[in-house]
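By convention in this document, chain letters (A, B, ...) are assigned in the order of the sequence lines, proteins followed by strands, and residues within each chain are numbered from 1.
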Amino acid sequence: MSFTTTLPSSNSKLFKNATPMSKKHKFKPQFGRNENDRKSSGSGPSHSPAKRPMPPPQAHSTPPRKKARLSNGVASAIQEQRRELPIARGREALIREISANEVTVLIGETGSGKTTQVPQYLLEGGLAQAGMIGITQPRKVAATSLAARVSLEQGTPLGGCVGYAVRFDERAGPETRVKYLTDGMLTRELLGDPLLSRYSVIVVDEAHERTLRTDLLLANLKRILRERNGNGKQKGSPLKVVVMSATMDAEKFSRFFNDAKILYVKGRQHPVKIYHTSQNQTDYVDSAMRTFFQIHVDQPPGDVLIFLPGQEDIESLQKSLEMFSRQLPIDFPTVLIVPMFAALQASQQQDVFKPTPKGSRKCILATNIAETSITIPGVRYVIDTGKSKEKRYLAGPTGSGFDTLLTRDITKSSAMQRAGRAGREGPGFCYRLYTEDAFKQMAAAPEPEILRCSLAQAILQLMCVGQDIQELELMDSPDDDAIISALKNLFIIGAIDDKRRLTPLGLVLASFPLEPAHARAVVASKDLGCTSEILDIVSVLASSSKLFLDVSDKRSEIADGRRKLVHPSGDHLTLLNTVRGYSAVGITDASASAQEGAGKAGRNARREWARQHFVNERTLREAANIRDQLRVSCERAGIDWRVSCGDAEEPVLLALSHGLAQNAALITPDGTYKQTAGQQIVKIHPSSTMADKKVPAIIFDELNAALITPDGTYKQTAGQQIVKIHPSSTMADKKVPAIIFDELVYTNQIYARGVSSIQKSFLASLGAFNTRKA
DNA sequence: TGGGGATTT
């Protein structure tokens, strides 16, 4: 072919053993033309062959909103589908085993139907008589869409027999027997009902993901089993627990629950042929590009999904692919390149779900978002770079650690999950840009989140229900260092005292669905008269997605669009300007024409405003929900959320500084910033026998050490970090005496993100003891 | 000069 000089040459093909190439590149549908590919697992693991291709319910199927009076035909078709699921053959055995055992570990492959069927089997088997069946999910969309599917299968309206509960959205009532909920939601329920007495069965789904909340839930379930089922002193009705997981870690879950019975359910995934490279690839972006064209030239139709670590690689690969695609002969199928990552505008994210036009091949460049969170239809080929970005919190000795965000090798379970994305609708192919040896050397599964995140919020929540994270029987316990760091953090904001006891302020902070630092800013805003402003800011900080989205090649356009929002003091008041600018668009519109059509006109105007200012509207809508919830929390805590300081900036920055006390830095002569944490000025608490004594050095209850200063106050001793302001900050390259920041992230150096300029004098008023009047 | 992905009475 003429393009072999510009396209990667056929000699450099990474996958020489891949399916035979046709000399003529006519893209006739030739699914499953190579029978060997269907059966053999190649050099890697494969999925079992499917007898009857039928994908499981998709996360994106639209839920029926109302009681559907189903025709008999539809209803019986649904029941027929249920009976054909792989798990259906094991129905009686499952009911029997789960009834007979206190805890069951259920390993089900993708497509087995376990998540939709097990709760129904238990319901039909009479296990929901003393209480509900609760099924937990790590993600909200999964909980809501599964509930919709199962209520359809039960022929009852959503929120009737089958319901769900996720943050901001609940459809469950007195009749509800089967409830799908996020694991965070159930951990929340624990606070008010420590025995989960409303439930007779708890099914913990996707347990292998080992989210922080799943782990806390599992620990509590073990305790509840003892208390509700324990010999002699039962409280309430007995509880059954079913732990559902993908292939990994079955024995570990079983051991945790005293050698619980393990059951296996076959899946129904189409076969995926897996290829490994014969040599390690140094440049995975280039390898991905060459592999894509190898597929595009040699292989039958079907979309290609490429897993990459992050936005930067996606944008770079997109450019290369576009450049080479233009050089393809005219009779070749068009290449449609679609990027997919969380920080992408919602409208652009929709592009991956649009059907691929005839005569073209879609190539999706995605982060981990396509591994679990979304399912993209039409994918037949997966290219797996074997890399992902992983955030990991490094607890610092001063209670102010930082996050690392580094590209790392994925795990085996992640590699399997990625490969499986090629077999959703038919036999598929996965091209791994790493050797089989490299695969074998990968860790089995990701480290549990509880070992990788800040523990401040979790510890505070546990303290409120009288639990000690070091006493709690967890599957994996965090290091003492991480715990001590979190305790220091809680101490600095006044949530606990120097004896590790919860303070009245700590109890208030825990009542907010926020990180303790953000909750502290809300509480501080009461006396400073700026609660309205702090809620606007904190609700954005607590949102799951970023407010400002940047695509690298539109940088100056974006800067122009946002110019009016930028506040000279930095990122926090810029956020505030943005929230207020956006809200004002809605209010103006709604009051202008309160009659019909106003809602729609307002929505359109807000969307346009967000577009013009290059602001993520999804974040602003989520933030508005969070803000409503925080207003309720404020009312309970006796804080008037309407109180505003108008245009005054000082109270707002001071309130934020109370929460971010350990996230402050001072400028140094060479223009860099040095973190102040570890240099807090502290006063000795009046109740201490050391009060008013002047000694050279003090230690307070393993939480910290401090040295005396010439003015008689004490200064903490622990280390200080040199930090750089992140280039995305409005404060980048600005030199001011003092800053506070939302977080430190180490990528290629330690960056402060979410930065505001503050008066240096603020810091003196933030001593740990000064803040604890509650 | 640079942003994996979830989630909370």
Participant: Kindly point out which of B:dG4, B:dG2, B:dT9 is positioned nearest to the side chain of A:R167?
Facilitator: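 Between B:dG4, B:dG2, B:dT9, the one nearest the side chain of A:R167 would be B:dT9.
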Participant: Would you mind telling me which of B:dG3, B:dT1, B:dG5 lies closest to the side-chain atoms of A:I369?
Facilitator: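 Of the options given, the side chain of A:I369 lies nearest B:dG5.
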Participant: Nearest whole angstrom, please: distance from the C1' of B:dT9 to the CZ of A:R631.
Facilitator: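 The distance from CZ of A:R631 to C1' of B:dT9 comes to 19 Å, rounded to the nearest Å.
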Participant: So what does A:R636 touch, heavy atoms closer than 4.0 Å: a base, only the sugar-phosphate, or nothing?
Facilitator: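 A:R636: no heavy atom of the nucleic acid under 4.0 Å.
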Participant: So if I take every side-chain heavy atom of A:K391 and compare against B:dG3, B:dG5, B:dT7, which nucleotide ends up nearest?
Facilitator: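 Closest nucleotide to the A:K391 side chain: B:dG5.
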Participant: Picking from B:dG5, B:dT1, B:dG2, which would you name as closest to the side chain of A:E449?
Facilitator: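 Of B:dG5, B:dT1, B:dG2, B:dG5 is nearest to the side chain of A:E449.
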Participant: Using whole Å, what does the distance between atom P of nucleotide B:dT7 and atom CD of A:E515 come to?
Facilitator: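 Going from CD in A:E515 over to P in B:dT7 covers 15 Å.
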Participant: What pair of heavy atoms forms the shortest contact from A:I626 to A:S539, and how long is it?
Facilitator: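 Smallest heavy-atom distance, with atoms named: CD1-O, 3.9 Å.
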Participant: Has A:Y751 got a side-chain N or O lying under 4.0 Å from the OP1 or OP2 atom of B:dG2?
Facilitator: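 Indeed, a polar side-chain atom of A:Y751 lies that close.
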Participant: Would you tell me if any nitrogen or oxygen in the side chain of A:Q629 comes within less than 4.0 Å of OP1 or OP2 on B:dT9?
Facilitator: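 True: A:Q629 side-chain N/O within range (under 4.0 Å) of B:dT9 OP1/OP2.
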Participant: In this structure, how many angstroms lie between the C1' atom of B:dT9 and the CE atom of A:M185, rounded?
Facilitator: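 Going from CE in A:M185 over to C1' in B:dT9 covers 8 Å.
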Participant: Contact class for A:F341 (heavy atom, under 4.0 Å): base, sugar-phosphate, or nothing?
Facilitator: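 It contacts sugar-phosphate atoms only.
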Participant: What is the distance from CD of A:E743 to C1' of B:dG2, rounded to the nearest Å?
Facilitator: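 Result: 13 Å.
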Participant: For A:D670, I'd like to know if atom CG has over 12 heavy atoms of other residues, nucleotides or ligands within 6.0 Å.
Facilitator: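 More than 12 within 6.0 Å, yes.
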Participant: Check the distance between B:dT8's C1' and A:E189's CD and give it to me in whole angstrom.
Facilitator: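 Between C1' of B:dT8 and CD of A:E189: 12 Å.
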Participant: In whole angstrom, what separates A:L216's CG from B:dT7's P?
Facilitator: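 It works out to 17 Å between those atoms.
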Participant: Check the phosphate of B:dT8 against A:T182, side-chain N and O only, distance under 4.0 Å to OP1 or OP2. Yes or no?
Facilitator: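 So the side-chain polar atoms of A:T182 do come within 4.0 Å of the phosphate oxygens OP1 or OP2 of B:dT8, strictly under.
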Participant: Quickly work out the A:E206 CD to B:dT7 C1' distance and round it to whole Å.
Facilitator: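 A:E206 atom CD is separated from B:dT7 atom C1' by 15 Å.
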Participant: If we count only N and O atoms by modelled type, under 3.5 Å, do the side chains of A:H572 and A:S756 hold a donor and an acceptor together?
Facilitator: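 Looking only at side-chain atoms, A:S756 and A:H572 do form a donor-acceptor pair, the distance falling under 3.5 Å.
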Participant: Side chain of A:S373 only, please: which of B:dG5, B:dG2, B:dG4 is the nearest?
Facilitator: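 Nearest to the side-chain atoms of A:S373, counting from C-beta on, is B:dG5.
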Participant: With nearest nucleotide decided by heavy atoms, which residue, A:L405 or A:K140, maps closer to the 5′ end of DNA chain B?
Facilitator: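 By nearest-heavy-atom nucleotide position, the 5'-most residue is A:L405.
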Participant: When we call it a touch if two heavy atoms are under 4.0 Å apart, what does A:T187 touch: a base, just sugar-phosphate, or nothing?
Facilitator: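 Answer is nothing: A:T187 stays at 4.0 Å or more from every strand.
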Participant: Does A:D733 reach a base, just sugar-phosphate, or nothing at all? Heavy atoms under 4.0 Å.
Facilitator: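 Contact class for A:D733: none.
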Participant: Return each pair, listed once, that meets side-chain hydrogen bond (donor to acceptor under 3.5 Å, both in side chains) where at least one residue sits in residues 454-469 of chain A; pairs must be two or more places apart or across chains.
Facilitator: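 Sorted pair list: A:N220-A:Q467.
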Participant: I want to verify a distance call: between B:dT8, B:dG3, B:dT7, whose nearest atom is closest to the A:E312 side chain?
Facilitator: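 Within the option list, the nearest is B:dG3.
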Participant: Counting side-chain heavy atoms from CB outward, which of B:dG5, B:dT9, B:dG4 is closest to A:A342?
Facilitator: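 Nearest listed nucleotide: B:dG5.
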Participant: Just how far, in rounded Å, is C1' of B:dG5 from CG of A:D403?
Facilitator: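 Atom-to-atom, A:D403 to B:dG5, this comes out as 13 Å.
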Participant: So which nucleotide from B:dA6, B:dT1, B:dT8 ends up closest to the side chain of A:R188?
Facilitator: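 Of the candidates, B:dT8 comes closest.
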Participant: Only one of A:F548, A:Y751, A:Y673, A:F741 clears ring pair (Phe, Tyr, Trp, His ring centres under 6.0 Å) with A:H726; which?
Facilitator: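 In the set A:F548, A:Y751, A:Y673, A:F741, the residue that makes a ring pair (Phe, Tyr, Trp, His ring centres under 6.0 Å) with A:H726 is A:Y751.
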Participant: Which nucleotide in the list B:dT8, B:dG3, B:dG5 gets nearest to the side chain of A:V166?
Facilitator: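 Looking only at side-chain atoms, A:V166 lies closest to B:dT8.
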Participant: By nearest nucleotide on DNA chain B, pick out whichever of A:R392 and A:L514 is the more 5' one.
Facilitator: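 The residue whose closest nucleotide sits nearer the 5' end is A:R392.
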Participant: Could you please name the option among B:dT1, B:dG3, B:dT8 that lies closest to any side-chain atom of A:H726?
Facilitator: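 Selected nucleotide: B:dG3.
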Participant: Considering the options A:R452, A:R210, A:R392, which one meets the side chain to side chain donor-acceptor pair (under 3.5 Å) requirement together with A:E447?
Facilitator: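 Filter result, single survivor: A:R392.
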Participant: Can you find an N or O donor on one side and an acceptor on the other, under 3.5 Å apart, linking the side chain of A:R213 with the base of B:dT7?
Facilitator: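 Pair found.
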Participant: If you apply the rule salt bridge (Lys or Arg N to Asp or Glu O under 4.0 Å), what do you find for A:D193 with A:R198, and how did you get there?
Facilitator: CA-CA 8 Å; A:D193 179 11; A:R198 296 160 63 212; 5.7 Å; no
Participant: Does A:T367 place a side-chain N or O at less than 4.0 Å from the phosphate oxygens OP1/OP2 of B:dG5?
Facilitator: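 Yes, A:T367 has a side-chain N/O under 4.0 Å of OP1/OP2 on B:dG5.
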